[in-house]
Amino acid sequence: MTAVGPLETARELLREFPVVDGHNDLPWALREQVRYDLDARDIATDQSAHLHTDLARLRAGGVGAQYWSVYVRSDLPDAVPATLEQIDCVRQLLARYPRTLAPALTAADMEAARSQGRIASLMGAEGGHSIANSLATLRALYALGVRYMTLTHNDNVDWADSATDEPGVGGLSAFGRAVVREMNREGMLVDLSHVAATTMRDALDVSEAPVIFSHSSSRAVCDHPRNVPDDVLERLPSNGGMAMVTFVPKFVLQAAVDWTAAADENMREHGFHHLATTPEAMKVHRAFEERNPRPVATVSTVADHLDHMREVAGVDHIGIGGDYDGTAFTPDGLGDVSGYPNLIAELLDRGWSKPDLAKLTWQNAVRVLGAAEDVARGLQATRAPSNATIESLDG
């Protein structure tokens, strides 16, 4: 009898407990590449020349639920309508591929999709600029299906500090705390990826519901401000939340941090936003890489983060958020959404048990969303929607 290797064991496990991925930027890639022309980027066909994501590769990767990011850049003058366009893109995808993608708003919806063999599709807004300092707009995004909001992106907002900007309000302002409380009341997960460590700590002080990091890794393993410090990871068990490891090389491999800073500066010198992934921008990226070979992250690099995060936060408080189609580069073995079995196989080789891997891939994320729903039901029974303004709270 032929022994079953770790990769086949990983695939078997993912058939029962598929990956809940916390962050995929396909909607933004569709906006940037083809302005939402879904015929031009039909993900029912092979899109490996253009995207990290298509339906066949999601299936091959064992993905059972996906938070589609409805991110818009923080420097856009009209962030709210642009966010609505992103939401509309996800809705178009759901209408176009109903046999594969299942709309999901709740933990129960996620389980129903798994039982049907479909991929539960949720939405997460990336950056508090998407609500334009309006709690009513926050509630409107929830009503449209958004189930988490990252409090900042790469730039501060008026009420919260970003990890990659100069300190502004010192974490969360009074209005920022009101945003967190209103998210708790709605049942929208508070996402602390991208925020400053001061903001992380303030949010944990305020939040009555579990928080998430939709795509962040360990700062102790790779010292980048986008990652989560150990003292914050240590607070996740008492909060009930989870940190979802990301695959972005410049966040997981220390040698890639300096290289990325130089590559970003090169992009700016050529007139591109450093996060641009258009064909023209990628030509500039590739030319830079030819002159300056980039350090290469691997599956093992990502597994190192998960080993550490499990040790500090516990296996009940970790997950996966690859950030596909939101990054120019990926680790070897995790080149697109078909790569998740390689990571699970690596963890099996490191001695992770099947029950622990089931928590990592599926169970933790479903539990956290369900817990946020439970908190919201309690709060809605005792607290009316807030009509506070940033002017009234922050002056």
Side-chain angles (χ1 to χ4, degrees), residues 6-7 9-11 13-14 17-24 61-67 191-193 200 210-224 226-237 239-257 296-324 327 330-335 337-368:
L7 188 57
T9 302
R11 291 187 176 121
L13 185 144
L14 290 172
F17 297 105
V19 169
V20 180
D21 183 272
H23 196 88
N24 184 303
V63 177
Q66 181 65 68
Y67 278 95
D191 178 19
L192 301 179
S193 287
M200 298 175 193
V211 304
I212 65 166
F213 292 82
S214 66
H215 57 307
S216 293
S217 296
S218 163
R219 194 174 299 189
V221 178
C222 180
D223 188 15
H224 190 285
R226 270 284 281 104
N227 289 334
V228 191
D230 276 1
D231 73 284
V232 174
L233 289 172
E234 288 169 355
R235 295 182 63 177
L236 290 180
N239 167 265
M242 65 184 297
M244 307 176 88
V245 69
T246 192
F247 302 164
V248 181
K250 65 183 178 181
F251 302 149
V252 297
L253 182 66
Q254 194 65 51
V257 174
V296 178
T298 66
V299 174
S300 180
T301 309
V302 176
D304 288 344
H305 284 262
L306 282 170
D307 277 342
H308 183 81
M309 293 160 75
R310 180 178 67 161
E311 180 179 348
V312 176
V315 74
D316 294 314
H317 303 284
I318 53 176
I320 297 171
D323 203 9
Y324 285 116
T327 178
T330 55
D332 278 2
L334 294 169
V337 296
S338 68
Y340 301 99
N342 296 328
L343 177 60
I344 303 307
E346 172 70 19
L347 296 174
L348 284 165
D349 272 343
R350 294 179 180 217
W352 285 53
S353 70
K354 291 181 182 180
D356 282 356
L357 289 168
K359 291 180 178 182
L360 173 75
T361 59
W362 182 262
Q363 293 171 338
N364 290 344
V366 175
R367 172 188 58 79
V368 165

For residues 310-317, run the donor-acceptor check on the side chains, cut-off 3.5 Å, and write out each pair with its distance to 0.1 Å, sequence neighbours left out.
unit_1, atom_1, unit_2, atom_2, d
D316, OD1, K359, NZ, 2.8
H317, ND1, G241, O, 2.8

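Looking only at distances, a side-chain donor or acceptor of D21 sits under 3.5 Å from a matching main-chain atom of G322. The backbone N or O of D223 sits less than 3.5 Å from a side-chain atom of Q254, completing a donor-acceptor pair. Between the N227 side chain and the F251 main chain, a donor and an acceptor come within less than 3.5 Å of each other. Proximity of a side-chain donor or acceptor of H224 to a complementary backbone N or O of V257 within less than 3.5 Å is not detected. Distance alone, capped at 3.5 Å, is enough to place a donor-acceptor pair between the T246 side chain and the G321 backbone. Although no hydrogens or angles enter the test, the distance criterion places a donor-acceptor pair under 3.5 Å between the side chain of S193 and the main chain of S214. Between the side chain of T361 and the backbone N or O of F17 there is at least one donor-acceptor pair closer than 3.5 Å.
The shortest distance between side-chain heavy atoms of V299 and D332 does not fall below 4.5 Å. By the 4.5 Å heavy-atom criterion applied to side chains, Q363 and P355 are not counted as neighbours. Annotation: side chain of V245 is not in contact with side chain of F213 (no heavy-atom distance under 4.5 Å). At least one side-chain heavy atom of V228 sits less than 4.5 Å from a side-chain heavy atom of S216. Side-chain contact check for I320 versus Y340: some heavy-atom pair is nearer than 4.5 Å. A 4.5 Å side-chain heavy-atom check between L347 and L357 finds at least one atom pair inside the cut-off.
Sorted by first and then second residue, the salt bridge (Lys or Arg N to Asp or Glu O under 4.0 Å) pairs with a member in residues 210-219 form an empty list; sequence neighbours excluded.
With sequence neighbours excluded, the residues forming a salt bridge (Lys or Arg N to Asp or Glu O under 4.0 Å) with D307 are R350, listed by chain and number. Applying the salt bridge (Lys or Arg N to Asp or Glu O under 4.0 Å) rule to R11 yields no partners; only residues at least two apart in sequence or on another chain are considered. Applying the salt bridge (Lys or Arg N to Asp or Glu O under 4.0 Å) criterion to D231, with sequence neighbours excluded, gives R201. For P331, the side chain to side chain contact (heavy atoms under 4.5 Å, CB included) partners are F247, P249, A297, V302, L334, not counting sequence neighbours.
Across S218 and H305, no two heavy atoms sit closer than the pair N-ND1, 3.1 Å. When all heavy atoms of A10 and A345 are compared, the pair lying nearest together is CB-N, 3.7 Å. In plain terms, the two heavy atoms of L360 and I344 that are nearest each other are CD2-CD1, 4.2 Å.
From S217, atom OG reaches atom CG of L253 across 11.5 Å, with rounding to the nearest 0.5 Å. Taken from CG in L306 to CE in M244, the straight-line distance is 11.0 Å, to the nearest 0.5 Å. Taking CE from M309 and CG from L236, the interatomic distance works out to 8.5 Å, rounded to the nearest 0.5 Å. The OH atom of Y324 sits 13.5 Å away from atom NE2 of H215, with the distance rounded to the nearest 0.5 Å. In this structure, the separation between CG on L192 and CE on M200 is 7.0 Å, given to the nearest 0.5 Å.
When only modelled atom types and interatomic distance are considered, D230 and H308 share a side-chain donor-acceptor pair under 3.5 Å.
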